[in-house]
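A quick write-up on the structure given underneath.
Chain A is the first sequence line, chain B the second, and so forth, proteins listed ahead of strands; every chain is numbered from 1.
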Amino acid sequence: MARVTLLYFASLRDAAGAASEPLETAAPDLVALYAEAQARHGFALPVERLRVAVDGAFADWRDAVRDGSEVAFIPPVSGG
Amino acid sequence: MARVTLLYFASLRDAAGAASEPLETAAPDLVALYAEAQARHGFALPVERLRVAVDGAFADWRDAVRDGSEVAFIPPVSGG
Amino acid sequence: MPSPRFRIADAPFDIAPLHARLQHERAGACASFEGRVRDHNDGRPVRGLRYEAYVELAEAEGARILDEALARFDILEACAVHRTGELAIGELAVWVGASAAHRDAAFEACRWIIDEVKARVPIWKHERYADGEADWLHPCQTDPSEP
Amino acid sequence: MPSPRFRIADAPFDIAPLHARLQHERAGACASFEGRVRDHNDGRPVRGLRYEAYVELAEAEGARILDEALARFDILEACAVHRTGELAIGELAVWVGASAAHRDAAFEACRWIIDEVKARVPIWKHERYADGEADWLHPCQTDPSEP
């Protein structure tokens, strides 16, 4: 089990009802971690349309979930 | 004979030693008028590299010389 | 320490210091871009909007874009700022500038930077429409209808 | 009467009112260009320069270029100013701006206007070099080494 903090932005935050949440998870990698959060909150965005960041840097979805890390799910951006 | 005022700019003005000069001319068209001024002042720029304006508007080199007009010889521009 | 080349601003910002940052004795050309809040998007009347950013990552990714632009184009300096928070119609949302000896590089770099910022920096736009609805914009790809 | 879209300025000019002129509720994008006096031209150190214009014709031809830009590109507004007189290194020589709903048109129009101004408007540059020489620039065609 790993303890992580999940960060939600934009429509994901609205759907989760929170900007962040602590989580204890057995998810082996970041894809599985998103699937877990998606199931719990009913996120409409499929993982293919998201990027993921760990501790403030873009990461690979196949990376393992590190204990103590902060994981951000990044919906499609719309700055500018 | 037509009385005209010639306007010189940039290197043409330096070569002519004046920004403008009154002239009485028998030149039939603007090309011939430039040839006259060129011969008198030794302008290095050939007519092919110039444009010509009459009374503040671009004109055609084959236009006749109009009595009382102001004729400007426009060397290659270099603004910007 | 000079100010960073890319910055998230949570309040209106001055462009004069950004222009000043681009000045350089060898700079003959400076191209800049302002993105402002329009009164419509995709034909729908817009009343106002809010930008939200993942600030830490946005500033890191923005800095990377500016570094890449300095390596990729023959420019002397470049910088950009993106707003977050509530913005009214006409307010400045993003500013990009690039200076170079020649105008080709200045224009190309400025255009490239705004395109990359829109595509890569974690910032999200929440639009409020005249009909009372509101929505997050999560474009499927770079949206050609965007300013 | 609004100020003309193209103007010759015989003294330093403010860009704030030019930016203000480009504002428009439907304008999401504004691209602008500044041309400044560089410290070198074609590898030769430059100490300063002077621009001279045939003002009457320059303002007429400049206005024509801006009108053509408004017809040719999907832009909302555009304007430009070109300096004459003595300019020091770093001084602003020319400013061009264009606003549009979308950034493509704003960038394209801004770039087109500066290219046309350089090619068509009767303004001449007289450069003073560090070695004491000075010369009028009469390029054979649009000089790719220009900023």
Tell me which donor-acceptor pairs under 3.5 Å the side chains of residues 66-76 of chain D have, and how far apart each pair is, sequence neighbours excluded?
from	atom 1	to	atom 2	distance (Å)
E68(D)	OE1	R120(D)	NH1	3.0
E68(D)	OE2	R120(D)	NH2	3.1

Could you give the side-chain donor-acceptor pairs of residues 90-101 of chain D under 3.5 Å, partners two or more places apart or in another chain?
from	atom 1	to	atom 2	distance (Å)
E91(D)	OE1	A88(D)	N	3.0
E91(D)	OE2	R83(D)	NH1	3.1
S99(D)	OG	L22(D)	O	2.8

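Highest contact tally toward chain B, considering only H126(D), E61(D), R50(D), is held by E61(D) [criterion: heavy-atom pairs under 4.5 Å].
Atom CG of D55(B) sits in a crowded spot, with more than 12 heavy atoms from other residues, nucleotides or ligands closer than 6.0 Å. Annotation: R26(D), atom CZ; neighbour count of heavy atoms from other residues, nucleotides and ligands within 6.0 Å does not exceed 12.
Y51(D) contributes no side-chain N or O that, together with a main-chain N or O of S78(B), makes up a donor-acceptor pair within less than 3.5 Å.
The shortest heavy-atom contact between A53(B) and Y54(D) is CB-CE2, 4.3 Å.
Contact of A53(D) with chain B is made through the backbone alone, with heavy-atom distances under 4.5 Å. Of the two parts of W136(D), only the side chain, counted from C-beta on, holds a non-hydrogen atom closer than 4.5 Å to a non-hydrogen atom of chain B.
Of all residues in residues 5-16 of chain B, those placing a non-hydrogen atom less than 4.5 angstrom from a non-hydrogen atom of chain D are L7(B), F9(B), A10(B), S11(B), R13(B), D14(B). For residues 22-48 of chain B, the interface with chain D (any heavy-atom pair closer than 4.5 Å) comprises L45(B), sorted by residue number.
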